[in-house]
Colleague: 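One structure, pasted below without further comment.
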Amino acid sequence: MALKIFNTLANEKEPFTPLVPGKVRMYVCGVTVYDSAHIGHARSFFTFDVIYRYLKFAGFEVDYVRNFTDVDDKIIKKANDEGVSCDAVTSRYIEEFAQDGASLGWLPPASEPRATAHMAEIIAIIEKLEAKGLAYQVDGDMYYAVSGFADYGKLSRKKIDELEAGARVEVDQRKRSPLDFALWKASKPGEPTWESPWGPGRPGWHIECSAMSTKYLGQPFDIHGGGRDLIFPHHENEIAQSEGAYGQPLARYWIHAGFLNINQEKMSKSLGNFFTIRDILSEFDAVALRHFFLASHYRNPLDFSKDGLDEASRAADRIFDTIERLAKAVKTPAPPDAGLLDSFRQEMDDDFNSPRALALIFDEVRGLNKLLDEKKAKGFEARYGALRAMCDALGLLQEGYLERKKQRWLKKGILTESAIGALIGQRNQARQAKNWPEADRIRDELNRQGVAIEDTPEGTIWKVR
RNA sequence: GGCGGCGUACCCAAGUGGUUAAGGGAGAGGUCUGCAAAACCUCGAUGCAGCGGUUCGAAUCCGCUCGCCGCCUCCA
């Protein structure tokens with residue numbers, strides 16, 4: 001079975017074939033860098049991280065581009081509020097986003113272009129649109145004339161007249177149509193400004209993505225992604241701009257990630273119901289968060305809760321406990337079991353069905369634990385290899401997961417590692433003396449602190465619960 | 001007002017016409033263990049919001065009803 005992707009443009013799953021065999025060009029809309037990213041953003045970028053990883057796993061060479069929007073009203077407002085430059089704001093949050101991404105285990109895209117570094121390309125597209133009669137000037141502003149683009153609405157399946165009828169926003173009377181959107185905004189005092197044929201100003205929101213995607217990936221390219229909320233108007237407008245300017249499709253497959261909700265409501269800055277990535281990482285491991293996201297399909301809405309993360313955490317522990325057992329038991333690694341990898345592909349090829357892929361992983365976890373229990377320590381090297389490969393393709397295989405969990409606990413300063421070792425020693429002395437009450441007392445005490453004791457054939461070990 | 005989505009066990013969540021409705025978490029019983037823990041085994045929806053319909057056959061298609069959400073405005 002070949003890879004199928006749900007294409008927003010077609011509103012159904014379609015077989016995926018890249019334009020150039022074996023190579024995938026993917027553009028994902030990044031963040032506007034005016035504030036810390038929250039886990040709603042994280043869900044979307046996790047989704048594309050998994051898609052990126054899986055495409056590579058499936059043998060494609062992937063050129064992955066994800067931009068930063070670093071010129072925007074909100075950035076200007078933030079800079080004014082703080083009395084600093086826009087540059088100071090954007091570089092702060094670009095840096096922070098990079099750190100968050102690294103902590104979360106996202107593979108870095110091949111390019112992470114910034115809007116402000118692409119003014120020449122932006123201006124060139126607007127000029128092209130103007131030459132084609134798709135853009136018009138009002139005072140120092142340039143607008144896109146939606147009426148000139150017959151396909152307008154094809155991505156979001158909206159009709160122009162319905163959009164106009166339903167407009168709930170105050171309409172700028174200078175625009176020919178309420179749907180026309182800004183390509184270039186004349187600068188006001190105190191705003192970042194670039195020279196242009198229409199006077200000093202700055203680009204509108206959508207045009208940067210048209211300019212950068214085409215520059216880095218050409219046109220058409222294979223996959224364009226982002227959160228659901230970008231379908232309209234952002235991606236619709238990108239299509240109008242890029243296809244209007246170049247007369248060919250912008251992207252062939254449009255992928256949109258579902259929202260992260262809290263209590264059934266979309267997590268968003270404006271509702272104030274968000275947790276930043278940093279908030280969550282101070283309490284949970286990145287792998288737990290990744291498992292939480294992988295356990296539901298990327299297009300469905302997902303309700304966030306800390307209870308849910310706790311569950312995900314326990315599930316991740318289960319996988320890593322098993323991997324650790326296997327790592328000790330397997331003396332000579334073998335190539336991954338081909339049949340298992342095939343099954344994995346079958347699940348992931350169906351529009352990146354990570355919940356089913358996880359189910360497969362857990363089936364293997366159970367099966368392999370059973371073999372380990374039965375001491376049939378033979379013939380499972382290939383299955384172990386496949387388990388690792390599958391986890392890796394989902395980004396779950398983060399080395400040192402269990403160790404990190406230990407370190408996080410030790411940081412709380414309740415007990416040191418050597419103190420725990422000493423208590424375990426005392427307990428084992430008591431056990432040898434068959435002083436069970438004392439042995440159990442020590443174990444219970446450790447347990448209360450969050451340390452679980454396990455007596456294995458290889459000796460006593462401890463884990464963080 | 002327009003357009004779209006969702007409602008599956010105690011919780012999370014796959015499955016969108018056809019053998020026994022994945023998987024995880026929690027729970028119960030069991031094996032192992034000094035006792036535990038972990039692991040493994042077994043048990044958990046004769047039913048998929050409700051009601052009607054189409055079909056040899058529906059969680060899956062159609063209609064209506066109820067509940068929730070999203071987009072139409074900046075938004076991952």
Side-chain angles (χ1 to χ4, degrees), chain A residues 11 28-32 34 37-48 66 69 72-74 153 156-159 161-170 178-179 205 225-234 236 256-261 263-271 291-292 294-297 299-303 305 307-319 321-322 325 347 350 353-363 365-374 431 434-437 439-440 443-444 447 452-457 460-463 465:
Chain A
N11 204 29
V28 172
C29 288
V31 284
T32 301
Y34 73 103
H38 59 64
I39 50 172
H41 300 120
R43 184 192 187 190
S44 184
F45 299 122
F46 261 116
T47 296
F48 292 102
R66 187 183 61 207
T69 298
D72 163 88
D73 290 347
K74 287 190 285 253
S156 52
R157 264 165 292 283
K158 293 181 186 303
K159 296 187 174 66
D161 46 344
E162 283 171 358
L163 280 168
E164 290 185 6
R168 303 185 321 210
V169 197
E170 283 179 56
L179 296 175
W205 173 35
R228 283 202 78 77
D229 43 4
L230 296 184
I231 295 173
F232 191 91
H234 184 54
E236 197 70 69
H256 292 99
F259 293 137
L260 185 65
N261 295 154
N263 298 325
Q264 325 273 35
E265 273 187 323
K266 179 182 170 187
M267 179 181 292
S268 72
K269 284 272 160 60
S270 47
L271 289 171
H291 184 283
F292 178 72
L294 288 169
S296 70
H297 188 88
R299 280 192 286 116
N300 290 350
L302 172 61
D303 213 58
S305 70
D307 284 350
L309 265 189
D310 278 328
E311 278 188 18
S313 223
R314 283 190 285 270
D317 287 356
R318 188 163 146 77
I319 295 173
D321 281 340
T322 303
R325 287 183 79 186
E347 306 297 10
D350 184 13
N353 196 328
S354 59
R356 290 205 77 97
L358 272 184
L360 189 67
I361 284 172
F362 280 105
D363 284 342
V365 162
R366 193 182 329 104
L368 287 165
N369 271 324
K370 193 171 181 176
L371 287 184
L372 287 165
D373 279 358
E374 292 166 357
R431 288 174 71 211
K434 297 201 189 297
N435 184 354
W436 309 126
D440 292 349
R443 185 175 62 202
D444 291 347
N447 216 279
I453 293 298
E454 294 181 17
D455 298 319
T456 75
T460 302
I461 60 169
W462 67 277
K463 290 177 178 170
R465 261 192 294 124

Colleague: Taking any heavy-atom pair under 4.0 Å as a contact, classify A:G225: base, sugar-phosphate, or nothing.
Modeller: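 Nothing, no heavy atom under 4.0 Å.
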Colleague: Are A:R318 and B:A39 close enough that a side-chain N or O sits under 4.0 Å from OP1 or OP2?
Modeller: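 So the side chain of A:R318 is within the cut-off, an N or O lying under 4.0 Å from OP1 or OP2 of B:A39.
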Colleague: Output the pairing pattern of RNA chain B as a dot-bracket string, 5' first, Watson-Crick or G-U wobble with both distances under 3.5 Å, | for cross-strand pairs, [ ] for crossing pairs.
Modeller: ((((((((.[[[..)..(....]]].(((((.......))))).....[[[[[..)....]]]]])))))))....
Colleague: Got a salt bridge between A:D363 and A:R366, using NZ or NE/NH1/NH2 to carboxylate O under 4.0 Å?
Modeller: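 A:R366 and A:D363: salt-bridged.
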Colleague: What nucleic acid atoms does A:N300 come within less than 4.0 Å of, heavy atoms only: base, sugar-phosphate, or nothing?
Modeller: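 Since only primed, P, OP1 and OP2 atoms lie under 4.0 Å of A:N300, the category is sugar-phosphate.
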Colleague: With a 4.0 Å cut-off on heavy atoms, is A:H234 in touch with a base, just the backbone sugar-phosphate, or nothing at all?
Modeller: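 Result for A:H234 = nothing.
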Colleague: For the salt bridge (Lys or Arg N to Asp or Glu O under 4.0 Å) test, which of A:K463, A:R443, A:R325 pairs with A:E454?
Modeller: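 Among A:K463, A:R443, A:R325, the one meeting salt bridge (Lys or Arg N to Asp or Glu O under 4.0 Å) with A:E454 is A:K463.
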Colleague: Looking across every strand, which nucleic acid part, if any, lies under 4.0 Å from A:K269 by heavy atom: base, sugar-phosphate, or nothing?
Modeller: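 Contact class for A:K269: none.
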Colleague: If I pick the P atom on B:G67 and the same atom on B:C10, what distance separates them, to the nearest angstrom?
Modeller: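 Taking atom P in both B:C10 and B:G67, they lie 23 Å apart.
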Colleague: Between B:G24 and A:R366, is there an OP1 or OP2 to side-chain N/O distance shorter than 4.0 Å?
Modeller: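 Result: yes.
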Colleague: What nitrogen or oxygen pairs link the protein and nucleotides 27-34 of chain B at under 3.5 Å?
Modeller:
from: B:G34; atom 1: N1; to: A:D440; atom 2: OD1; distance (Å): 2.9
from: B:G34; atom 1: N2; to: A:D440; atom 2: OD1; distance (Å): 3.4
from: B:G34; atom 1: N2; to: A:D440; atom 2: OD2; distance (Å): 2.7

Colleague: Ignoring backbone atoms, establish whether A:R314 has a side-chain N or O less than 4.0 Å from OP1 or OP2 of B:A26.
Modeller: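 For B:A26, OP1/OP2 do have a side-chain N/O of A:R314 under 4.0 Å.
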Colleague: State, yes or no, whether a side-chain contact exists between A:R66 and A:F48 at a heavy-atom distance under 4.5 Å.
Modeller: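 A:R66 vs A:F48: side chains apart.
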Colleague: Answer with base, sugar-phosphate or nothing: what part of the nucleic acid does A:F292 contact at a heavy-atom distance below 4.0 Å?
Modeller: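 Result for A:F292 = nothing.
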Colleague: Is the base of B:G44 syn or anti, where syn means the angle lies within 90° of 0?
Modeller: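 The base of B:G44 is oriented syn (glycosidic angle within 90° of 0).
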Colleague: For a quick check of understanding: with a heavy-atom distance under 4.0 Å over all strands, which category does A:I453 fall into, base, sugar-phosphate or nothing?
Modeller: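 Contact class for A:I453: base.
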Colleague: In whole angstrom, give me the gap between the C1' atoms of B:C48 and B:A13.
Modeller: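 It comes out at 13 Å once rounded to the nearest Å.
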Colleague: Using the C1' atoms only, state how far B:A58 lies from B:G52, rounded to an integer number of Å.
Modeller: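 About 14 Å, rounded to a whole number of Å.
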Colleague: Can you find a side chain N or O atom of A:K266 that sits less than 4.0 Å from OP1 or OP2 on B:A76?
Modeller: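 So the side chain of A:K266 is outside the cut-off, no N or O lying under 4.0 Å from OP1 or OP2 of B:A76.
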Colleague: Just checking A:A315: base, sugar-phosphate only, or nothing, at a heavy-atom cut-off of under 4.0 Å?
Modeller: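 Touches sugar-phosphate only.
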Colleague: B:A37 and B:A26: how far apart are their P atoms, nearest whole angstrom?
Modeller: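 It works out to 13 Å between them.
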Colleague: Once you apply a heavy-atom cut-off of 4.0 Å, does A:G40 come out as touching a base, just sugar-phosphate, or nothing?
Modeller: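 Base, at least one base atom sits under 4.0 Å.
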Colleague: Ignoring backbone atoms, test whether A:N263 places a side-chain nitrogen or oxygen under 4.0 Å from the OP1 or OP2 oxygen of B:C69.
Modeller: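 It does not, given that no N or O in the side chain of A:N263 lies less than 4.0 Å from OP1 or OP2 of B:C69.
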Colleague: For A:N353, which contact category applies under a 4.0 Å heavy-atom criterion: base, sugar-phosphate, or nothing?
Modeller: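 Counting heavy atoms under 4.0 Å across all strands, the contact made by A:N353 is with sugar-phosphate only.
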Colleague: Does A:A295 reach a base, just sugar-phosphate, or nothing at all? Heavy atoms under 4.0 Å.
Modeller: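 Since only primed, P, OP1 and OP2 atoms lie under 4.0 Å of A:A295, the category is sugar-phosphate.
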Colleague: Where each residue is assigned the nucleotide of RNA chain B containing its nearest heavy atom, which of A:Q264 and A:A359 is assigned the position nearer the 5′ end?
Modeller: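 The residue closer to the strand's 5' end, by nearest nucleotide, is A:A359.
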Colleague: What's A:L260 touching, base or sugar-phosphate or nothing? Going by heavy atoms closer than 4.0 Å.
Modeller: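 The answer is base, as A:L260 lies within the cut-off (heavy atoms under 4.0 Å) of a base atom.
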Colleague: By nearest nucleotide on RNA chain B, pick out whichever of A:P301 and A:K74 is the more 5' one.
Modeller: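 Its nucleotide being nearer the 5' end, the pick is A:P301.
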